[in-house]
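We use all heavy atoms of the structure for the numbers below, so side chains are in, but hydrogens, waters and symmetry mates are not. Atoms within each ligand, like the ligands themselves, are counted from 1 in listed order.
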Amino acid sequence: MTATLSDTVSFTKQGAIGLIKINNPPVNALGQSVRAGLKAAVELGLADDSVKAMVLICEGRTFIAGADIKEFAKGMGEPGLVPVISNMETASKPIVAAIHGTALGGGLEVALGCHYRIAVPTARIGLPEVHLGLLPGAGGTQRLPRLVGAQAALDLIVKGNHIAAKDALKLGIIDAIVDVSIDGSVESDLETAAIAYAEKLLADGTGPRAIRDITPEAAGPEVFDNYEQSIARKQRGFLAPFHIIKSIRAAFELPFDEGMARESELFMELMTSSESAAQRHIFFAEREVAKVPGLAKDTPKRDIKTAAVIGAGTMGGGIAMNFANAGIPVKLLEMKQEYLDKGIALIRSNYENTARKGRISLDAVEQRMALIEPTISYADIADVDIVIEAVFENMDVKKDVFKTLDATCKQGAILATNTSTLDVDEIASVTQRPQDVIGMHFFSPANVMRLLENVRGEHTADDVIATVMSLSRRIGKIGALVGVCDGFVGNRMLHQRTRESAFLVEEGATPEQIDKVLFDFGFPMGPFTMADMAGLDVGYKVREERRKAGKVEKRDSVWIDKVVELGRYGQKTHAGIYKYEDGRTPIPDPEIAALIAQCAQHAGIEQRKISDQEILERCLYPMINEGAKILEEGIAARPLDIDIIWINGYGFPGYKGGPMFWADQIGLKTICDAYKKYADQFGEHYWTPSPLLEKLAKEGKGFYSR
Ligand code: 3H9
């Protein structure tokens, strides 16, 4: 007999075993109907005398992947997950959780409420709530430490990583890994194995076993204090990691039920925090960004089996590594053998460093190196499925490369440029196949940074866009699709901040004051520390090119150029805007303060004391306004594309959700009002709000509630 207990949960008897099955695609999230069904199923199993043990198993591709995150915004209905799990844990008949796919968050918490856990070898488990700005709020911080001790629980829950079944077995989180090579699918084999496991428990007379009854191994307060210190810098601004430490600590200091109450209290604080709202926004935005508006889901994709990268510099080498990491053979082309040798040596040393840190094995280094084939001949890349050009950022040089690619590459190959600012349409215009040309703007270091700004040209074919968006994910990136304009989305917005921060210094703020304001806002570093790190000569050359091209700013701030002209290029020359006595730590330099004062005097600017609030507004609001223009022009289709770009490419703090989400939180009217104030002070040239910003502010709307 099968009883349907809710839309998503059923109960079947197999001899003495009651089989509870969840079927809530795509990931069996614990929505209201699953919780209600689980509650009813356990009650049914307990009430039926012929049922002696129960198995909890899921249909589809995975065990429960957690609470239903979509439900959080509207509030979770009854029954709550905590009592549902408690009913299972205190049940008088043994319950076995049978895990395949991923048991994550509330999913693992449900499994921990069962008395036994078995898994297939490919299963993974974890408590990733921290990435949503939350903590495991259904007993995870109280039950897991009782199984694995303080240190392992801290590592698992604060980092939020998934671990493999074999590691979970070693830690004692699961009891057995089962053979799934019996006859059918993983699910049917797991079901057979789980029923056999439950029958064996009955045969052995083994009853229920509750984690709540385990006394955790003692852990002194220093364990938690030290852990907090160890994450303080990296997790600055995030609330959840610190709440998690408090909650785990309660598992060692309070009886189980009081620990659960403390966990609930901390969970609710996080659930209502702006940090978690922002992080949950990012969770969905990261998935949404892959879906291109206007591009049908079933748009065909071109087959990418091989790739080539033109240019073996730092960028080209990093790009090639992404392909090798994903198991895609990639040819690396340079003009001269010595540059090629240098590029290959750099890639090898990068891999060897990673191996030294224990992140990959030495075998993996060799496997990946074997996938990268160096060449100095275009003829060798004629057959590849995609080429990414990563040569010097100069239109003429890039056009030459694309003419050669057009003459060399097979029909149907995707021709991508890694330009960070240049016009993709102009590059495409030198080929006979502009439909195959697209921008793929990687961020430095290209093998590390997750963001990929994919730039659609006027003629780029839909299947090329679909292929590149899906390839982005395959090579471990988050691809955001943007249109052609100067600087695309990221650099175009950054330009606003760069300009204002230079003005602010001229007007009397110090570089260190500005850096501190933006660091305190949550960026990993301020704009001047970043400029010194990237090399001031790079920006100098760009400004020179812009001036030559007649792109002159209405107000030109020259002090940074004067710094460069002193031979101070930043960290690499031990001096830039700051001086670097140890080569790394920026120290304010009176020589530069004097140079700035001189420049200000020369420009007739009277220096004044500038407040931190003015710095914040003048650095960030113009970025938001530019974001609004980017939306108006359709360069980005949605505010979420912009947020994803800034979070993953420019260090915008994750707990603020990206510039457009943050703007909505502070209110667009606040930004518009500030624009008016600064227009009165500095004129309208840089301080005219975009029509979209003005309209939304007037209507009391946000970018996300247009
Ligand atoms: C929690 O459990 C709190 C508790 O401690 C306390 C409660 C009191 N809910 O990622 P994918 C959707 S917090 C709702 O592309 P994959 C996702 O949006 C939760 N929806 O697939 C997407 O929808 P769409 C802790 C969810 O195979 C679709 O499923 N758990 C949820 O690459 C496919 O997702 C987590 O944080 C959810 N929980 O990866 C786990 N999860 O197709 C979060 C997914 O419309 N989930 N969706 O775009 C994941 O890490 C991955 O989704 C997973 C699958 C690894 C499971």
*Asks:* For atom 26 (C) of ligand 1, find the nearest protein heavy atom and state the residue, atom name and distance (0.1 Å precision).
*Replies:* Val27 CG2, 3.9 Å
*Asks:* Do any non-hydrogen protein atoms sit less than 4.0 Å from atom 13 (S) of ligand 1?
*Replies:* yes
*Asks:* In terms of the angle between their ring planes, are Phe252 and Phe224 parallel, tilted or perpendicular, with boundaries placed at 30° and 60°?
*Replies:* tilted
*Asks:* Under the criterion side-chain hydrogen bond (donor to acceptor under 3.5 Å, both in side chains), I'd like the reasoning laid out for Glu269 against His243: C-alpha separation, chi angles, the key distance, then a yes or no.
*Replies:* CA-CA 9 Å; Glu269 277 178 30; His243 272 45; 2.8 Å; yes
*Asks:* Considering only heavy atoms, does His131 approach ligand 1 within less than 4.0 Å through its side chain, its backbone, both, or neither?
*Replies:* neither
*Asks:* Verify the neighbour count for atom CZ of Arg236: are there more than 12 heavy atoms of other residues, nucleotides or ligands below 6.0 Å?
*Replies:* yes
*Asks:* How does Thr62 reach ligand 1, if at all, at less than 4.0 Å between non-hydrogen atoms: by side chain, backbone, both, or neither?
*Replies:* neither
*Asks:* Backbone, side chain, both or neither: what part of Asp68 comes under 4.0 angstrom of ligand 1, heavy atoms only?
*Replies:* both
*Asks:* Any N or O of Arg287 that comes nearer than 3.5 Å to an N or O of ligand 1?
*Replies:* yes
*Asks:* Within the distance-only criterion (no hydrogens, no angle test), does the side chain of Ser273 pair as donor or acceptor with the backbone N or O of Leu270 below 3.5 angstrom?
*Replies:* yes
*Asks:* Strictly under 4.0 Å, does any heavy atom of Glu71 approach an atom of ligand 1?
*Replies:* no
*Asks:* Just by modelled atom types, is the Ser33 backbone N or O under 3.5 Å from a matching donor or acceptor in the Ser6 side chain?
*Replies:* yes
*Asks:* Of the non-hydrogen atoms in Ile64 and Asn28, which two are nearest, and what is the gap between them?
*Replies:* CG2-O, 3.1 Å
*Asks:* How does Arg280 reach ligand 1, if at all, at less than 4.0 Å between non-hydrogen atoms: by side chain, backbone, both, or neither?
*Replies:* neither
*Asks:* Only heavy atoms of Arg61, strictly under 4.0 Å: list the atoms of ligand 1 that pass.
*Replies:* 16 (P), 21 (O), 27 (O), 33 (C)
*Asks:* Could you check atom 23 (O) of ligand 1 against the protein and tell me its nearest heavy-atom contact, residue, atom and distance included?
*Replies:* Lys70 NZ, 4.5 Å
*Asks:* Below 4.0 angstrom from a heavy atom of Gly66, which ligand 1 atoms are there? Numbered from 1 as shown, please.
*Replies:* 2 (O), 30 (N)
*Asks:* Look at atom 46 (N) of ligand 1 and say which protein heavy atom is nearest, naming residue and atom and giving the distance to 0.1 Å.
*Replies:* Phe283 CZ, 3.7 Å
*Asks:* Which atoms of ligand 1 sit under 4.0 Å from any heavy atom of Glu109?
*Replies:* 4 (C), 5 (O), 6 (C)
*Asks:* Side chain or backbone, does Pro136 bring an N or O within less than 3.5 Å of an N or O on ligand 1?
*Replies:* no
*Asks:* Any atoms of ligand 1 less than 4.0 Å from a non-hydrogen atom of Lys291? List them with their elements.
*Replies:* 24 (P), 45 (O), 48 (O)
*Asks:* Taking distance alone, with N or O pairs closer than 3.5 Å, would you say Ala67 contacts ligand 1?
*Replies:* yes
*Asks:* Using a strict 4.0 Å cut-off to heavy atoms of Gly105, name the atoms of ligand 1 that fall inside it.
*Replies:* 2 (O), 25 (C)
*Asks:* When you measure from atom 53 (C) of ligand 1 to the protein, is at least one non-hydrogen atom found at a distance under 4.0 Å?
*Replies:* no
*Asks:* Using the rule salt bridge (charged side-chain N to carboxylate O under 4.0 Å, His left out), only one of Arg143, Arg146, Arg209 pairs with Glu89; which is it?
*Replies:* Arg143
*Asks:* Please find out if less than 6.0 Å separates the ring center of His281 from that of Phe283.
*Replies:* no
*Asks:* Side-chain donor-acceptor pair under 3.5 Å between Lys39 and Asn87, yes or no?
*Replies:* no
*Asks:* In ligand 1, which numbered atoms sit nearer than 4.0 Å to a non-hydrogen atom of Pro26?
*Replies:* 28 (C), 29 (O)
*Asks:* When you measure from the side chain of Glu228 to the backbone N and O of Phe242, does any donor-acceptor pair fall under 3.5 Å?
*Replies:* no
*Asks:* Do the ring centers of Phe703 and Phe661 come within less than 6.0 Å of each other?
*Replies:* no
*Asks:* Can Glu263 and Ser247 be counted as having a side-chain donor-acceptor contact under 3.5 angstrom?
*Replies:* no
*Asks:* Could you work out, for atom 40 (C) of ligand 1, the closest of Pro25, Ala65, Ala103 by heavy-atom distance?
*Replies:* Ala65
*Asks:* Suppose we measure from atom 55 (C) of ligand 1 to each protein heavy atom; which comes out shortest, and what is that distance?
*Replies:* Leu104 CD1, 3.9 Å
*Asks:* Please confirm whether Ile69 comes within less than 3.5 Å of ligand 1 when only nitrogen or oxygen atoms on both sides are compared.
*Replies:* yes
*Asks:* Got the closest protein heavy atom to atom 6 (C) of ligand 1, with its distance?
*Replies:* Gly137 N, 3.5 Å
*Asks:* Give yes if a backbone or side-chain nitrogen or oxygen of Glu129 is under 3.5 Å from a nitrogen or oxygen of ligand 1, and no if not.
*Replies:* yes
*Asks:* Is the positively charged end of Arg706 above the ring of Tyr704, judged by distance under 6.0 angstrom from the centroid and angle within 45° of the axis?
*Replies:* no
*Asks:* Answer yes if a protein heavy atom lies under 4.0 Å from atom 32 (O) of ligand 1, otherwise answer no.
*Replies:* yes
*Asks:* Taking the six-membered ring for Trp, are the ring centroids of Phe523 and Tyr650 within less than 6.0 Å of each other?
*Replies:* no
*Asks:* Hey, which atoms in ligand 1 end up nearer than 4.0 Å to a heavy atom of Pro128?
*Replies:* 30 (N), 35 (C), 36 (O)
*Asks:* Given 3.5 Å as the limit, does a donor-acceptor pair link the side chain of Asp643 with the main chain of Met660, or not?
*Replies:* yes
*Asks:* Enumerate the atoms of ligand 1 whose separation from the nearest heavy atom of Leu132 is less than 4.0 angstrom.
*Replies:* 13 (S), 19 (C), 36 (O)
*Asks:* Quick check: do Phe442 and Met449 have side-chain heavy atoms less than 4.5 Å from each other?
*Replies:* no
*Asks:* For Gly106 and ligand 1, does the shortest N/O to N/O distance drop below 3.5 Å?
*Replies:* yes
